[in-house]
Amino acid sequence: MQSVTVRAPGKVNLQLAVGGAREDGYHELVTVFHAVSLHDDVTVRDAPAGSGISVEVVGRWADKVPTDMTNLAAKAVAALARMAEIDGSARIRIDKGIPVAGGMAGGSADAAAALVAADRLWSLGLTKEDLDDVAASLGSDVPFALHGGTAMGTGRGEVITPILAVGEYHWVFALADEGLSTPAVYGAFDRLSAGRFLVDPAASQRLLQALRRGDAPGVGAAMTNDLQSAAISLRPGIERLISLGEEYEALGSIVSGSGPTCAFLVADEDAALDMCSVLEASGECSGVVRASGPAHGARIIEG
Ligand code: C5P
């Protein structure tokens with residue numbers, strides 16, 4: 001086999017409950033991840049031994065993605081090669097469909113896809129547990145990108161537990177020209193919560209029950225994100241976008257992860273088109289995309 005292509009999804013957090021900073025700098029959290037149909041396709045190709053790892057990025061957001069060894073897909077391939085004690089020279093091609101630095105875990109999706117692709121390319125036959133371990137070492141959101149669907153994340157987000165969720169959900173995402181750095185948003189969260197008592201993060205029973213019933217209005221009403229105020233403190237325009245969702249058709253409006261992408265849950269395709277028009281006409285965002293969820297985790301589409 002010479003190349004393997006794997007598709008991995010972006011995500012939105014239906015709930016993101018954040019606790020205090022831990023000794024290692026990470027924050028303890030409880031989150032409900034939901035994978036959506038915005039994908040990156042990652043191809044890992046054999047390269048001559050000793051030639052190292054190269055990265056090429058194509059697609060809508062390609063110019064914002066690093067092509068050196070700071071790229072999370074390159075780190076994933078390197079980590080797997082180290083683990084398997086092989087040369088690990090490879091050419092990686094990423095076709096980006098997930099907005100960059102938007103709080104939708106596009107880099108994590110690339111890492112997850114690269115792990116699955118390299119595992120197959122090199123016939124390593126790693127177990128799900130092995131892949132989960134390497135994934136967690138690469139970033140808090142990478143194990144979920146392997147898993148997909150709708151699932152609970154605990155710890156720093158890397159411990160994934162499946163949850164019962166039914167139904168299809170329609171989403172509109174409002175994009176920003178410039179991303180937000182995740183550590184900067186967590187830093188703003190720490191500043192905003194300084195001196196306040198932070199309760200231990202816990203799953204919202206209201207949200208879990210709505211997901212169990214496939215009740216989209218219930219899900220929309222129960223969505224919460226503890227990083228939202230922090231993201232707004234760094235990017236005040238986000239607040240105007242969220243209130244547009246509340247004013248118009250959205251069942252729920254939320255900052256996606258650490259932002260600045262805003263996610264609007266809507267009833268159906270028609271409502272999605274209406275929401276797109278409202279957001280585009282507002283001039284408050286640089287672009288709008290539609291998606292549905294839940295979507296599959298990283299899976300081989302070629303090779
Ligand atoms: O794990 P990942 O590399 O995606 O995290 C990026 C940054 O986000 C971390 O360096 C940390 O600043 C912040 N973070 C956090 N608590 C988490 C997850 C991420 O503080 N649970």
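Positions are given from 1, in the same order as the sequence printed here.
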Exercise. Report the C-alpha distance between Trp61 and Asp40 in whole Å, list the side-chain angles of each, state the deciding distance to 0.1 Å, and finish with yes or no for side chain to side chain contact (heavy atoms under 4.5 Å, CB included).
Key: CA-CA 11 Å; Trp61 289 282; Asp40 284 357; over 6 Å; no
Quiz prompt | Side-chain heavy-atom pair Tyr169, Leu211 within 4.5 angstrom cut-off | solution = yes
Exercise. Begin with the C-alpha distance, continue with both residues' side-chain angles, and end with the deciding distance and a verdict on side chain to side chain contact (heavy atoms under 4.5 Å, CB included) for Val278 and Glu247.
Key: CA-CA 10 Å; Val278 167; Glu247 245 171 83; over 6 Å; no
Self-check item: Counterpart residues, salt bridge (charged side-chain N to carboxylate O under 4.0 Å, His left out), relative to Asp226 (two or more places apart)
Solution: none
Quiz prompt | Ser140 vs Tyr26 side-chain heavy atoms within contact, under 4.5 Å | solution = yes
Quiz item: Of all heavy-atom pairs between Ile53 and Gly88, which one has the smallest distance, and what is that distance?
Solution: CG1-O, 3.7 Å
Quiz item: Quick one: does Asp132's side chain have a donor or acceptor within less than 3.5 Å of a partner on Pro143's backbone?
Solution: no
Quiz item: Between Val289 and Leu265, is there a shared hydrophobic cluster once you connect ILVMFWY residues whose side-chain heavy atoms come closer than 4.5 Å?
Solution: yes
Quiz item: Going through the distances and angles, do Thr224 and Ser204 end up as a side chain to side chain contact (heavy atoms under 4.5 Å, CB included)?
Solution: CA-CA 9 Å; Thr224 55; Ser204 155; 5.6 Å; no
Exercise. Answer yes or no: is there a donor N or O on one side and an acceptor on the other, between the side chain of Arg235 and the main chain of Gly179, under 3.5 Å?
Key: yes
Self-check item: Enclosure of Glu85 CD (heavy-atom neighbours >12, cutoff 6.0 Å)
Solution: no
Quiz item: Looking only at heavy atoms, which two atoms of Leu131 and Leu126 are closest? And how far apart?
Solution: CD2-CD1, 4.0 Å
Quiz prompt | Shortest non-hydrogen contact from Val166 toward Arg212 | solution = CG2-O, 3.5 Å
Exercise. Under the salt bridge (charged side-chain N to carboxylate O under 4.0 Å, His left out) rule, collect the residues that match up with Arg156, sequence neighbours excluded.
Key: none
Quiz item: Has the side chain of Lys96 got a donor or acceptor atom that lies under 3.5 Å from a matching backbone atom of His39?
Solution: no
Self-check item: Val55 with Val58, same ILVMFWY side-chain cluster at under 4.5 Å
Solution: no
Quiz item: If you round to the nearest 0.5 Å, how far is CZ of Arg93 from OG of Ser54?
Solution: 12.0 Å
Exercise. Could you tell me the separation between the CD1 atom of Ile242 and the CZ atom of Arg240, rounded to the nearest 0.5 Å?
Key: 12.0 Å
Practice problem: Determine the minimum heavy-atom distance between Gly303 and Arg120, stating which atoms define it. | Solution: O-NH1, 3.2 Å
Quiz item: Are Leu16 and Met152 connected in a single hydrophobic cluster, I mean Ile/Leu/Val/Met/Phe/Trp/Tyr linked by side-chain heavy atoms less than 4.5 Å apart?
Solution: no
Exercise. Please list all pairs passing the ring-ring contact (aromatic ring centres under 6.0 Å, His included) test where one or both residues lie in residues 187-223, with sequence neighbours left out.
Key: His27-Phe189
Practice problem: Calculate, to the nearest 0.5 Å, the distance between atoms CE and CD1 belonging to Met223 and Ile254 respectively. | Solution: 5.0 Å
Quiz prompt | Joint cluster assignment, Met275 & Leu38, ILVMFWY side-chain distance < 4.5 Å | solution = no
Exercise. Answer yes or no: is there a side-chain heavy-atom contact under 4.5 Å between Ile94 and Asn71?
Key: yes
Quiz item: How far does CZ of Arg290 sit from NE2 of His170, to the nearest 0.5 angstrom?
Solution: 10.5 Å
Practice problem: Flag the pair Leu227 / Val255 as yes when at least one side-chain heavy-atom distance between them is below 4.5 Å, and no otherwise. | Solution: no
Quiz item: What distance do Leu115 atom CG and Asp110 atom CG have between them, rounded to the nearest 0.5 Å?
Solution: 11.0 Å
Quiz item: Should Ser243 and Glu246 count as side-chain neighbours, where that means a heavy-atom distance under 4.5 Å?
Solution: yes
Exercise. Looking only at non-hydrogen atoms, find the nearest pair between Val44 and Ala117 and report the distance.
Key: CG2-CB, 3.6 Å
Exercise. For the pair Ser258 (side chain) and Thr182 (backbone), establish whether a donor and an acceptor sit closer than 3.5 Å, ignoring hydrogens and angles.
Key: no
Practice problem: Please check if atom CD in Glu56 has more than 12 non-hydrogen atoms from other residues, nucleotides or ligands closer than 6.0 Å. | Solution: yes
Exercise. Would you kindly say whether Thr43 and Ser3 are connected by a side-chain donor-acceptor distance under 3.5 Å?
Key: no
Exercise. For the residue pair Phe33 and Phe144, categorise the inter-ring angle as parallel (less than 30°), tilted (30 to 60°) or perpendicular (more than 60°).
Key: parallel
Practice problem: To the nearest 0.5 angstrom, please state how far the CD atom of Glu168 sits from the OG atom of Ser292. | Solution: 4.5 Å
Practice problem: Would you mind reporting whether Leu279 and Tyr248 have side-chain heavy atoms less than 4.5 Å apart? | Solution: no
Practice problem: Just do the side chain to side chain contact (heavy atoms under 4.5 Å, CB included) check on Val18 and Tyr186 with the steps written out, would you? | Solution: CA-CA 9 Å; Val18 182; Tyr186 275 101; 4.0 Å; yes
Practice problem: Look only at the side chain of Thr31 and the backbone of Gly153, and say whether a donor-acceptor pair between them is shorter than 3.5 Å. | Solution: no
Quiz item: So does Glu284 have more than 12 non-hydrogen atoms from other groups sitting under 6.0 Å from CD?
Solution: yes
Self-check item: Leu207 side chain reached by Val219 side chain, heavy atoms, under 4.5 Å
Solution: yes
Quiz item: Do you see a donor-acceptor pair shorter than 3.5 Å between the side chains of Asp274 and Ser277?
Solution: no
Self-check item: Co-membership, hydrophobic cluster, residues Val142 and Ile300, 4.5 Å side-chain
Solution: yes
Exercise. Decide if atom CD of Glu129 counts as having more than 12 heavy atoms of other residues, nucleotides or ligands within a radius under 6.0 Å.
Key: yes
Exercise. Taking the side chain as every heavy atom from C-beta outward, state whether Asn225 and Asn13 have any pair of such atoms under 4.5 Å apart.
Key: no
Quiz prompt | Nearest heavy-atom neighbours spanning Ala298 and Val116 | solution = CB-CG2, 4.0 Å
Quiz item: Is the backbone N or O of Ile301 less than 3.5 Å from a side-chain atom of Thr5, with the two atoms forming a donor-acceptor pair by type?
Solution: no
